[in-house]
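Worksheet for the structure shown next.
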Amino acid sequence: MSAHPATPAASGILHVVATPIGNLGDLSPRARDTLRAVAAICAEDTRHTRQLLGHFGIERPLVALHEHNEDALAERLVARLLDGESLALVSDAGTPLVSDPGFRLVRAARAAGIRVSPVPGPSALVAALSVAGLPSDRFVFEGFLPAKAGARRERLQALAAEPRTLLFYESSHRIDAMLADAAQAFGPDRPAVLARELTKLFETVLDGSLGDLHARVLADPNQRKGEFVVLVQGAGEDSDARTVEGRRVYAALVAHLPPSTAARVAAELTGASRKDLYGSGGSSPGTGDA
Ligand code: SAM
């Protein structure tokens, strides 16, 4: 919590406004009122936002704010806010700042003592969590995994013993490789959910083991289309966690030792079963760098 340095009395408000992730009916009445009332709307892709506004008959000036100009623009936008203009910040879909631009502007506005106020609404991560049926009291949002296979596998491996439910954003280009790598890192039996095209015509929420889900995505090209949230149940606290740790150690050892020796040593070190480790590490076939 940070107390504002004397908030300039006449300054405007920066409204951070969530927009639909697929269904226009999800733009809240308060979001519409706010977007109508501000001096300008900062948008990631102005053409996209103009279409959304057009649907609701809202006409306001738009300012393009994306990751490449956000630093440079933040200062000018803060000056406008200090001058008394209220602004809105939106992204192409969902909640700004959630795997979307806006963090630098919000930080700069708060540092200048400007009031930053949320107009909450859709976000794919919360929508997915709300229908997945996985433990939801504690969860970890990992956003997008690295595009390169090596870095992606490393990140997944580092998360393998995480006990909280894991959420990832993924695109149609990499969903196949991501599920293959996740099955490798977490084990093919780990329960998971694939939430696709939420709130849209082809909304699908599939549950099963990571191995099953990968097989279903491979078998049906339609299941590889659209936008995805991948949810993975956290590692159990006992044997599941030992197996996960054992696989991590095995993956490191097998680069230097024969697989049977690597499995025996990893099992001794971690308490995992040797048969759960043997053959579990190394590179996964057919999932090269994206
Ligand atoms: N700010 C957005 C939010 O609050 O959810 C996320 C923006 S991020 C650039 C886009 C990613 O969000 C997509 O690649 C996908 O992983 C996820 N996503 C967005 N809309 C979705 C939907 N309707 N169904 C499933 N996933 C979605």
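Read the numbers this way: they start at 1 and go in the same order the structure lists the ligands and their atoms.
Pocket lining of ligand 1, defined as residues with a non-hydrogen atom under 4.0 Å away: Ile21, Ala93, Gly94, Thr95, Val98, Ser99, Asp100, Ser123, Ala124, Phe144, Tyr169, Glu170, Ala195, Glu197, Leu198, Lys200, Glu227, Phe228, Val229.
Listed by chain and number, the hydrophobic cluster partners of Leu201 are Phe202, where partners are ILVMFWY side chains within reach of under 4.5 Å, directly or through others. Clustering of Ile, Leu, Val, Met, Phe, Trp and Tyr by side-chain heavy atoms under 4.5 Å joins Leu218 with none of the others.
Applying the salt bridge (charged side-chain N to carboxylate O under 4.0 Å, His left out) test to residues at least two apart or on different chains, none of the pairs has a partner in residues 250-261.
More than 12 heavy atoms of other residues, nucleotides or ligands shown are found within 6.0 angstrom of CD on Glu162.
In this structure, Arg247 fails the cation-pi test against Tyr250, since its NZ or CZ atom is not both closer than 6.0 Å to the six-membered ring centre and inside 45 degrees of the ring normal.
Atom-to-atom distance recorded for Leu53:CG and Gln51:CD is 10.5 Å, nearest 0.5 angstrom.
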